[in-house]
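Encoded as structure tokens, the structure appears first; notes follow it.
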Amino acid sequence: YKKGCTVSRESLRYVKVLHWNDKGKICLGELVCHKSIANDLVEIFETLFAKKYPIERMVLIDNYDADDLKSMEANNTSCFNFRYVAGTKVPSNHSYGKAIDLNPLCARQYADRSQDFKYKIDRNDLAYKEFRKRGFTWGGGWKRSQDYQHFEKK
């Protein structure tokens, strides 16, 4: 919870879910999200867990001193992190806990979407289908600067 954060703690929820990592090991994931999407995330991650969908890491952003770049470099799936949209004074949807990045390092490394690779999120991907089913927007569908690991709900 960074200094200057304008989001009330009462609007946030702490969520713990099981997930499979890339080595086939069951892990306990933790994230903080907005209360309006907490149940959606629990349902999505229950489905992903049942299908053994790989999520490399899901630990609190606190483990990276709330540094988004450090978290992404660790391929950490995260949600709430108070920050501004790059180059603006507009809070990101992550600032409110209404956006989540799933396996973000892999999405950044593989901008060539014609290639097949581990953790690829496209319209055939289970995570894409589960998030979209619950009304989330996918960053990979944006017209400008696609963000393939990003899902958000207003």
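Index from 1, following the sequence.
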For Asp67, look at atom CG and say whether over 12 heavy atoms of other residues, nucleotides or ligands are found less than 6.0 Å away.
yes
Do Leu102 and Val42 share a hydrophobic cluster (ILVMFWY, side-chain heavy atoms under 4.5 Å, transitive)?
yes
If you define the side chain from C-beta out and look only at heavy atoms, does anything of His19 sit under 4.5 Å from Leu48?
no
Compare all side-chain heavy atoms of Thr77 with those of Ile100 and state whether any distance is below 4.5 angstrom.
yes
Heavy-atom pair with the smallest gap, counting every atom of Tyr96 and His34
O-CB, 3.2 Å
Using ring centroids (six-membered ring only for Trp), state whether Tyr84 and Phe82 fall under 6.0 Å.
yes
Derivation and outcome, side-chain hydrogen bond (donor to acceptor under 3.5 Å, both in side chains), residues Tyr53 and Asp125:
CA-CA 10 Å; Tyr53 187 95; Asp125 183 70; 2.8 Å; yes
Please tell me if the side chains of Tyr64 and Asn81 come closer than 4.5 Å, counting only heavy atoms from C-beta onward.
no
Do Leu126 and Trp138 sit in one hydrophobic cluster, given that two such residues count as connected whenever their side-chain heavy atoms are within less than 4.5 Å of each other, even indirectly?
yes
Nearest heavy-atom pair of Glu130 and Arg134: which atoms, and what distance?
OE1-NH1, 2.7 Å
CZ-CG distance between Arg57 and Asp22, expressed to the nearest 0.5 angstrom
8.5 Å
Kindly indicate, with the supporting measurements, whether the criterion side-chain contact (heavy atoms from CB on, under 4.5 Å) is fulfilled by Asn93 and Phe80.
CA-CA 8 Å; Asn93 279 332; Phe80 169 73; over 6 Å; no
Please list, one pair per line, the donor and acceptor atoms closer than 3.5 Å that link side chains of residues 11-18 to other protein atoms, with sequence neighbours excluded.
| residue | atom | partner | partner atom | Å |
| --- | --- | --- | --- | --- |
| Ser11 | OG | Ser8 | O | 2.7 |
| Arg13 | NH1 | Glu10 | O | 2.9 |
| Tyr14 | OH | Glu30 | OE2 | 2.2 |

Smallest heavy-atom separation, Lys23 atom then Asn21 atom, equals N-OD1, 2.9 Å
Does the distance from a Lys or Arg side-chain N to an Asp or Glu carboxylate O, for Lys70 and Glu73, drop under 4.0 Å?
no
What I want to find out is whether Lys154 reaches Glu152 closely enough, with some N-O distance under 4.0 Å, to be called a salt bridge.
yes
If we only count heavy atoms from C-beta on, is the His150 to His94 side-chain gap below 4.5 Å?
yes
Answer with yes or no after comparing the ring centroid distance for Phe136 and Phe151 against a 6.0 Å cut-off, counting only values under it.
no
On a heavy-atom basis, which atom in Ser71 and which in Ser78 lie closest, and how many Å separate them?
OG-OG, 4.0 Å
Indicate, with yes or no, if the rings of Trp20 and Phe49 have centres closer together than 6.0 Å.
yes
From CG (Leu105) to CG (Asn76), nearest 0.5 Å:
11.0 Å
Look at the side-chain heavy atoms of Ile, Leu, Val, Met, Phe, Trp and Tyr, link any pair under 4.5 Å apart, and say whether Ile44 and Tyr148 land in one connected group.
yes
Would you confirm whether Asn103, through its side chain, and Gln149, through its main-chain N or O, come within 3.5 Å as a donor-acceptor pair?
no
Distance (rounded to the nearest 0.5 Å) between Asn75 CG and Met58 CE
11.5 Å
To the nearest 0.5 angstrom, please state how far the CG atom of Asp101 sits from the CG atom of Asp68.
6.5 Å
For a quick test of reading the model, state the closest non-hydrogen atom pair linking Cys79 to Leu31 and the distance between them.
CB-CD1, 4.3 Å
Does Lys153 pair with Asp40 as a salt bridge, N-O distance under 4.0 Å?
yes
Nearest heavy atoms of Ser36 and Lys98, plus distance in Å:
OG-CE, 4.0 Å
